[in-house]
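In this text, all values refer to a predicted model and were calculated from it rather than measured experimentally. Here, residue 1 is the first one in the sequence, and each next residue gets the next number.
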Amino acid sequence: MNKILLNDNVEIFPSKVVCIGRNYVDHIKELNNEVPQEMVFFIKPNSSISDSLVFPQNEKSCHYEAEISFLIEEDKITAVGFGLDLTLREKQTILKTKGLPWERAKAFRKSAVFSKFVSFNKNIEDLEVELYINGELKQKGGVSLMINKPQEIISEAKTFLDFEDGDILMSGTPSGVGSFKIGDIFLGKILYKNEVLLQSCFEVL
């Protein structure tokens, strides 16, 4: 199974990644979507987890989505990390138009890219995410801008699924998503009260 790293290289093997879509108003607008009346969930399997950023084979285009990501243990948030939800946008659009599931566009191998996670027990309302590509700020957002807050997302998800210890919650992406290419340099940051809590650099392979 694929793994993530916690603190001093403790290995965690998530069974799945639980994701929420359309959780920032500006991101909903940039994709011309409607604000959902209930939370939109999708799942990425363990096979999607990666610590390297690899452009998907045999695809012409892929979008990045930077997200504040949480480690879940005993149904509680215990750590935070930087995550990238890679999306085959054109394929997703076709599937949505036909009313079909998104897995081919969202759950492919190495589509959930994560930094190391760090233990966190402070106020999650003060967390923010930033993504720089080739030195240019592309995305910035935080829990304060989310339509649904992380604990609300966990409570709603538990109405139809169970979190196994070590599972990850991806809490949605702010506006600024877009395409990328091999050789691009990504710098992802998680901030707490405007101070960098963690950062991770990825070169697109």
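In terms of modelled atom types and a separation under 3.5 Å, the side chain of Asn46 and the main chain of Lys16 share no donor-acceptor contact. No donor-acceptor distance shorter than 3.5 angstrom exists from the side chain of Glu156 to the backbone of Ile153, with no hydrogens or angles considered.
When the salt bridge (Lys or Arg N to Asp or Glu O under 4.0 Å) test is applied to Asp184, the partners found at least two apart in sequence or on another chain are Lys181. Qualifying ring-ring contact (aromatic ring centres under 6.0 Å, His included) partners for Phe42, counting only residues two or more places apart in sequence or in other chains: Trp102. With sequence neighbours excluded, no residue forms a ring-ring contact (aromatic ring centres under 6.0 Å, His included) with Phe13. Residues satisfying the ring-ring contact (aromatic ring centres under 6.0 Å, His included) test with Phe120, not counting sequence neighbours, are Tyr192. Residues passing the salt bridge (Lys or Arg N to Asp or Glu O under 4.0 Å) test with Lys91 are Glu59, sequence neighbours excluded.
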Check residues 69-85 and write down every donor-acceptor pair under 3.5 Å in which the side-chain atom is one partner and the other belongs to a residue at least two apart or another chain.
unit_1, atom_1, unit_2, atom_2, d
Ser69, OG, Glu67, O, 3.4
Glu73, OE1, Thr78, OG1, 2.7
Asp75, OD2, Lys158, NZ, 3.2
Asp85, OD1, Lys44, NZ, 2.9
Asp85, OD2, Lys106, NZ, 2.7

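Remark: the Thr173 side chain and the Gln139 side chain contain an N/O donor-acceptor pair separated by less than 3.5 Å. No hydrogens or angles considered: a donor-acceptor pair under 3.5 Å links the side chains of Lys116 and Asn9.
Contact annotation: the side chain of Ile4 approaches that of Ile168 to within less than 4.5 Å [non-hydrogen atoms, C-beta and beyond].
Relative ring orientation between Phe55 and Phe180 is described as perpendicular, the plane-to-plane angle rising above 60° on a 0-90° scale split at 30° and 60°.
Contact check on Glu65 versus Lys138 returns no salt bridge, with no Lys/Arg side-chain nitrogen under 4.0 Å from an Asp/Glu carboxylate oxygen.
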